[in-house]
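Input: a single structure, listed below in structure tokens.
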Amino acid sequence: MAKKIQSVKGTRDLLPPATRRWAAVEEIAREVFGSYGYGEIRTPLLEHTELFVRSVGEATDIVGKEMYSFDDRKGRSLTLRPEGTAGIARAFVQHAMGSSGLPIKLFCIGPQFRYERPQRGRYRQFHQIDAELIGDPGPTSDAELLLMLVRFLERLGFDELTVLLNTVGDEASRGAYREALVDFLEPLRDRLSGDSRRRLESNPLRILDSKVPVEQELLEAAPRLDDYLNRESGDHFEAVRRALDGCGVAYRIEPRLVRGLDYYSRTVFEIVAEGLGSQDAIVGGGRYDGLIEELGGPAVPAIGFAIGQDRLIDILPEAFDAGCSAEPPVHLVAAGEVDPVALLELGEELRTAGLAVETEVGGRSVKAALKRADKAGARWMVLAGEDELGRGEVALRDLALGEQIQVSRETAIAKIKEKE
RNA sequence: GUGAGCGUAGCUCAAUUGGUAGAGCCCCUGGUUGUGGUCCAGGUGGUUGCGGGUUCAAGUCCCGUCGCUCACCCCA
């Protein structure tokens with residue numbers, strides 16, 4: 001036997017019927033996001049490595065150790081996208097999308113890649129649903145984006161999810177705070193973990209959400225970010241909260257929430273879920289006012305989020321499946337010496353009438369066909385034998401009741417439709 | 001990248017102190033020359049993840065490797 005080839009580590013096949021949930025989630029995303037004026041964008045899976053280094057940030061784990069990168073035949077360094085925002089921002093700049101008026105609202109559904117050790121809720125190929133609102137600096141946009149996110153999750157049947165909210169201030173505020181935090185932590189250097197010590201230089205804010213208990217204690221006395229917010233940043237956050245309160249969006253302020261990507265400014269947020277083990281973040285996002293300019297575009301502010309589709313689908317409420325299960329098709333079966341073309345034609349006739357039809361072309365016994373139809377949960381079987389075809393009729397069997405009648409094709413179609 | 005646990009039929013799992021692999025489900029066929037869900041009978045399906053070692057003998061013990069799972073880290 002030849003050696004079997006299996007899927008690449010950290011990637012997985014999504015098989016039917018599970019794919020129905022995926023498609024249903026995506027349909028609902030298109031519908032909900034569409035109702036807020038968002039248009040779908042599809043960016044390449046492959047980008048120049050440079051894009052992520054410049055946007056996500058050199059000091060981040062994503063760029064530092066998780067990128068799925070390789071050289072192409074001409075020696076150019078390419079990377080399978082590890083997140084969605086960078087590519088969308090790149091496309092915005094490349095196509096001068098701002099020239100047709102701002103803001104631009106976009107969403108993107110598709111796979112992302114990170115070279116990590118797989119575990120539950122973490123795969124090398126995973127899937128995100130991104131939404132980005134580009135070109136409006138106002139807190140009302142922040143609130144509307146979050147509102148849309150919450151509505152989407154509600155549509156899927158989630159009702160217990162809470163948005164964790166924080167602000168990391170604008171660049172000036174963050175700069176001032178960063179200095180204060182480093183001044184505070186520097187004398188305590190010896191008591192910090194290796195990771196945190198490294199971050200003292202590269203990305204001090206990330207130390208804030210360290211999970212090391214000792215560090216948590218040390219941080220109790222650390223300067224607080226909100227004391228360093230300038231007037232503008234403070235007002236912005238205040239306005240976001242007021243808008244969310246007004247719309248009845250539940251959130252919890254999480255002062256330690258900072259986010260792993262360099263490009264965030266001001267509003268940042270996250271949603272974590274129960275029952276997912278340690279990979280429990282299902283949504284992350286925030287404002288990125290400097291990113292587009294950083295990528296050579298105009299100085300245009302933006303805000304967005306990414307939903308982890310794999311994790312989301314993992315914890316979808318039970319009731320969700322009922323809503324996306326399809327009506328099992330009518331089973332069309334030949335009995336005896338029947339011209340296969342006549343069977344195919346009959347199938348087409350039923351489909352033209354709007355029915356879903358599964359044709360049993362296996363040439364096996366009627367008994368076997370019935371078993372299959374039964375297992376598929378079908379309600380109807382249309383049986384076409386020599387006798388029936390000769391008279392222009394079919395045998396219509398109601399599998400639920402076990403009743404069978406000889407009727408014309410038209411009558412059969414009418415009967416099936418009537419009971420649907 | 002680090003650590004731990006686990007790899008036996010398509011799936012879920014057995015196999016005693018090492019003694020040449022078995023069940024249930026699924027699938028196929030028949031019991032019904034064209035009739036399901038129950039039942040009965042039969043059948044297909046395995047180089048025990050892969051490679052090496054110890055042994056008279058390895059699914060079982062040892063080493064390596066690959067994969068899966070979980071945790072750390074990080075994040076979606």
Side-chain angles (χ1 to χ4, degrees), chain A residues 1 3-12 15 56 59-66 81-85 109-130 193-196 198-199 203 206 209-212 257-261 269-273 276-285 304-315 331 333-338 360 362-389 394-404 406:
Chain A
M1 198 168 48
K3 196 168 132 199
K4 287 178 191 160
I5 298 173
Q6 48 185 0
S7 58
V8 172
K9 180 180 185 136
T11 69
R12 53 188 188 147
L15 310 174
V56 177
T60 63
D61 282 354
I62 291 178
V63 170
K65 56 184 194 190
E66 295 169 5
R81 63 184 188 193
E83 58 103 38
T85 303
I109 300 173
Q112 315 287 343
F113 303 83
R114 289 182 202 173
Y115 196 94
E116 296 183 89
R117 189 94 160 248
Q119 72 183 72
R120 179 170 184 198
R122 191 171 74 182
Y123 310 99
R124 287 188 176 178
Q125 177 178 336
F126 61 105
H127 302 79
Q128 287 187 335
I129 301 173
D130 282 274
S193 67
D195 278 339
S196 291
R198 226 169 296 122
R199 289 197 185 111
N203 200 347
R206 295 281 296 118
D209 63 2
S210 156
K211 280 148 202 145
V212 182
L257 179 66
V258 287
R259 303 278 310 139
L261 283 56
F269 53 91
E270 208 169 273
I271 296 179
V272 297
L276 272 175
S278 57
Q279 308 303 318
D280 60 356
I282 57 169
V283 181
F305 61 73
I307 300 168
Q309 197 178 356
D310 306 76
R311 294 176 186 178
L312 189 71
I313 284 171
D314 194 12
I315 55 164
H331 277 246
V333 181
E337 297 288 310
V338 171
E360 293 280 352
R364 288 183 306 175
S365 66
V366 172
K367 177 178 175 157
L370 262 164
K371 275 189 175 167
R372 280 173 60 92
D374 186 52
K375 233 187 60 176
R379 173 77 192 270
W380 301 101
M381 186 170 88
V382 170
L383 194 133
E386 296 163 274
D387 306 350
E388 288 88 354
L389 286 174
V394 295
L396 176 65
R397 186 175 182 83
D398 183 329
L399 293 167
L401 300 176
E403 292 168 357
Q404 189 168 320
Q406 299 282 329

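Proteins get letters first, then strands, A, B, ... in listed order; numbering begins at 1 in each.
Helical stems of RNA chain B (runs of at least 3 Watson-Crick or G-U pairs, donor-acceptor distances under 3.5 Å) are listed by first residue: B:1-7 with B:66-72, B:10-13 with B:22-25, B:27-31 with B:39-43, B:49-53 with B:61-65.
For A/Arg120, the side-chain atoms get nearest to B/C70 when compared with the rest of B/C70, B/U35, B/C75. Side chain of A/Arg311, nearest nucleotide from B/C73, B/U2, B/C75: B/C75. Among the nucleotides B/C75, B/G36, B/C70, the one closest to the side chain of A/Lys367 is B/G36. Checking B/A4, B/G36, B/G34 against every side-chain atom of A/Arg397, the shortest atom distance belongs to B/G36. Comparing atom distances between the A/Leu261 side chain and each of B/A76, B/U35, B/A71 picks out B/A76 as nearest. Checking B/G34, B/A76, B/C66 against every side-chain atom of A/Ala335, the shortest atom distance belongs to B/G34. Looking at the side chain of A/Val366, the nearest of the listed nucleotides B/G34, B/A71, B/G36 is B/G34. Listed nucleotides: B/C72, B/G34, B/A76. Nearest to the side chain of A/Glu116: B/A76. In the set B/G36, B/U29, B/C70, the nucleotide with an atom closest to the side chain of A/Leu370 is B/G36. The A/Gln119 side chain lies nearest to B/C72 when the options are B/C72, B/G34, B/A76.
Between A/Asp374 and A/Lys371, none of the side-chain N atoms (NZ, or NE/NH1/NH2) sits under 4.0 Å from a carboxylate O, so this pair counts as no salt bridge.
If you check every strand for non-hydrogen atoms under 4.0 Å, A/Arg12 touches nothing. Using a 4.0 Å heavy-atom criterion, one finds that A/Leu399 contacts the bases of the nucleic acid, with or without backbone contacts as well. In this structure, A/Glu83 reaches neither bases nor backbone, as no heavy-atom distance under 4.0 Å exists between it and the strands shown. The residue A/Glu403 sits apart from the nucleic acid: no heavy atom pair falls under 4.0 Å.
The distance from atom CE of A/Met381 to atom CD of A/Glu360, rounded to the nearest 0.5 Å, is 9.0 Å. One distance of note links CG of A/Leu383 with CG of A/Leu389; it measures 9.5 Å at 0.5 Å rounding.
Using C1' as the reference atom, B/U55 and B/G43 are 38 Å apart when rounded to the nearest Å. Going from the C1' atom of B/G1 to that of B/C75 covers 16 Å, rounded to whole Å. Comparing the C1' positions of B/C26 and B/G45 gives a spacing of 11 Å, expressed to the nearest Å. Comparing B/C25 with B/G34, their C1' atoms are spaced 30 Å from each other, to the whole Å.
Between the P atom of B/C73 and the CD1 atom of A/Ile62 lies a distance of 17 Å, rounded to the nearest Å. Atom CZ in A/Phe126 sits about 17 Å away from atom P in B/C74, given to the nearest Å. The interatomic distance linking A/Glu388 (CD) with B/U35 (P) rounds to 12 Å, in whole Å. If you take CG of A/Asp387 and P of B/G34, they are 11 Å apart, rounded to a whole angstrom. Atom-to-atom, CZ of A/Arg379 to C1' of B/G36 comes out at 15 Å; the value is rounded to the nearest Å. Taking atom CG of residue A/Leu276 and atom P of nucleotide B/C75, one finds them 17 Å apart after rounding to whole Å. A/Lys371 has its NZ atom 9 Å from the P atom of B/C27, to the nearest Å. To the nearest angstrom, C1' of B/A76 lies 15 Å from CD1 of A/Ile109.
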Can you list, pair by pair, the side-chain donor-acceptor contacts under 3.5 Å of residues 305-313 of chain A, counting residues two or more places apart and other chains?
from     : atom 1 : to       : atom 2 : distance (Å)
A/Gln309 : NE2    : A/Glu26  : OE2    : 2.9
A/Asp310 : OD1    : A/His127 : N      : 2.6
A/Asp310 : OD1    : A/His127 : ND1    : 3.4
A/Asp310 : OD2    : A/Arg12  : NH2    : 2.8
A/Asp310 : OD2    : A/His127 : ND1    : 3.3
A/Arg311 : NE     : A/Gly121 : O      : 2.6
A/Arg311 : NH1    : A/Ala281 : O      : 2.7
A/Arg311 : NH2    : A/Gly121 : O      : 2.9
A/Arg311 : NH2    : A/Gln279 : OE1    : 3.4

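Judged purely by atom type and a 3.5 angstrom limit, A/Arg114 uses its side chain to pair as donor or acceptor with the backbone of A/Pro82. Of the possible polar contacts, one joining the A/Arg124 side chain to the A/Glu116 backbone as a donor-acceptor pair under 3.5 Å is found.
Note on A/Ser278: every side-chain N or O is 4.0 Å or more away from OP1 and OP2 of B/C70. Listed pair A/Arg259 / B/A76 meets the phosphate criterion, a side-chain N or O lying under 4.0 Å from OP1 or OP2.
Toward the 5′ end of RNA chain B lies the nearest nucleotide of A/Gly10, the other residue of the pair A/Gln279 and A/Gly10 mapping further downstream. Closest-nucleotide positions on RNA chain B for A/Lys375 and A/Pro118 were compared, and the one nearer the 5' end corresponds to A/Lys375.
Considering every non-hydrogen atom in both A/Val366 and A/Ala334, the closest pair reads CG2-O, 4.2 Å.
Contact check for A/Arg81 versus A/Pro111: side-chain heavy atoms found under the 4.5 Å cut-off.
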Exercise. Does the pair A/Val56 and A/Glu66 meet the rule for a side chain to side chain contact (heavy atoms under 4.5 Å, CB included), with working shown?
Worked result: CA-CA 12 Å; A/Val56 177; A/Glu66 295 169 5; over 6 Å; no
